[in-house]
Each structure stands twice: as structure tokens, then as C-alpha cells.
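Notes to accompany the following structure.
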Amino acid sequence: MYDYHLHTRYSMDSDAAVESMIQAAIDKGIKEIAVTDHIDYEFPNPGGNLWVVDMDDYLETLAQMQQKYRGQIVIRRGIELGIQESCLDRCLRFYEQYKRELDFIIASRHAIGGVDPYEVNLFQSNRRHQCYEEYFEAVASMVQLFPYASVYGHLDYLVRYDPGEEKYSYEEFAPLLDQILTQIIANGAGIELNTSGYRVGLGRPLPPWNIVQRYRELGGTILTTGSDAHSPEDVGLSMETCYQTLRSMGFTSISTFHERKAMAVPL
Ligand SMILES: [Zn+2]
Ligand SMILES: [Zn+2]
């Protein structure tokens, strides 16, 4: 198993020690992980906290962990960078400054219209279609404006906060979703299969299987798998199930990253 989306205490929303996440991964038989703490400039901060990472401290800790656990597990240096138009300059500066120090960059869209969907009920008063449309348009803008990601994270993130039964369908937004997937492929980047959907009771990964299938049809080959765990018990969650489904869909490999270059590992 390869868990390429993990948060630790360097993220504003986790207090897990880096070592506790590594130990959990080893216990669960995971071969390789990427630690991907949050940087999300200008993300709404109700507590006044900033979604930034002390990079010197972070990279130093990861280097120590790589040393300590050599031979037991491969640890990659990642980051999950939240992209918004309002702070695109800072995201690009971050990329230029740290691209040589990182193995893996997930670019994600969390805020929508400057709002945190976790804090605000966006879906009130029949705005379902509009919410998804705004979100996917924001994702389309991200993949255009920030082409440097290794993979783009949880492409339909908003679905986690949709209280309705129906959610959305690929067909409803097919041209927009195809545009996003085509641009990702043109960027030479990939998508992630984010298994947190199982954790929150959606019974599927983010994005859903038919979008993963569509990505493949359009020529996409780079795909990582990540639990998006913020605590040790969620490391590697539902990953085996997802590998089985990927195999049945015809995938023979998934991707890992080293120094921001994708490598295929057999499934
Ligand atoms: Zn995320
Ligand atoms: Zn995450």
C-alpha cells in the first residue's frame, strides 16, 4: 500500500506527531508514504490561526524520520498546497522556493468564494447545482493557473459537505469535468484517489469511480492513492478495497513520486 496523503501536527487541523503517523503506516504494512501537510494562504481562519507550515522545521523533521526509519518504510516529503486566485502569487513563490526540497505536491481547492465549506452550510435553499458549478469552475481555474502540481487533490471535495442524498452526477457537469481532466493531463500531472470518502460515509473515494474511469479514457495515467488521514487510526483507510476496484477497472499500476517525478508501481 502507498499512502500519499497524510497530515501531522504541522497542519492546522491535526495534532498527530509525525512519528505516530509513520508508526501507524508501518503497523498497517504500508510500503511508502508521503507526508503532505497543509499550506493554504488566505484560507478563512475563524480561530485566527494561519494555515502555514514552518518549512525549515518540517523538512528537518522529515529528514530525521527518513534516517530513523530507513529500511522499514519509504517516506516522501510532500505538501498539500491550497490554491486560490487571491493568493496565487504566494503559491507560485512557495513553489519556486521549495520545489527542490519536495518530492510531491498536491494542489487542492478547499475554499469556495473565499468561504470554508466545512464552516458554512453552502447548500441551503436549493443551491446544490450552483454550489457544485462554482466549485468545479474554481477547480478548473486552479488547474490552469497552477500547472505545477504532482497531483490535484480530491477533485470533488465539496461533496463531503453536501447534506443531500443525491449529490451530483458526472453527466451533470461533463464538459466542465472533462475540461479539468484534460488540463491536468496537459500539465503532465495526475489525480489522486482520496479514500476519505469512505471515512465520511460516502462509500466511495473522491473523485468517484466514473470520473477516475473518464480520466483514464482521456489518457490520464498518473494516479496516487491517499487516505487524507489527520490521525494515526485513519492511515491507509479503505486502500485495499480501492486497489481491488482499480485492478478490476484495468489499472495495472499506480504512481509514486520522488523529487517530483512520477514513477509507476505495479498494482
Ligand atoms: Zn485537502
Ligand atoms: Zn488533506
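Order of appearance sets the numbers: ligands from 1, and atoms from 1 within every ligand. As a basis for the values below, the full set of heavy atoms in this structure was taken, side chains included, without hydrogen atoms, waters or symmetry mates.
- In Asp228, the N, O or S atom that comes nearest to the Zn ion (ligand 2) is OD1.
- Seen from the Zn ion (ligand 1), atom NE2 of His110 and atom OE2 of Glu80 lie 100° apart in angle, a value rounded to 10°.
- Between Glu259 and Arg76 there is no salt bridge, since none of the side-chain N atoms of the basic residue sits less than 4.0 Å from a carboxylate O of the acidic one.
- For Arg204 and Tyr198, the positive end is not near the middle of the six-membered ring at less than 6.0 Å and at most 45° from its axis.
- One side chain, Tyr170 or Asp178, offers a donor N or O that lies under 3.5 Å from an acceptor on the other.
- Not a single N/O/S atom of His5, whether from backbone or side chain, sits less than 2.8 Å from the Zn ion (ligand 1).
- A salt bridge is defined here as a Lys NZ or Arg NE, NH1 or NH2 lying under 4.0 Å from an Asp or Glu carboxylate O, and Glu101 with Arg260 fails to meet this definition.
- The Zn ion (ligand 2) lies under 2.8 Å from an N, O or S atom belonging to His7.
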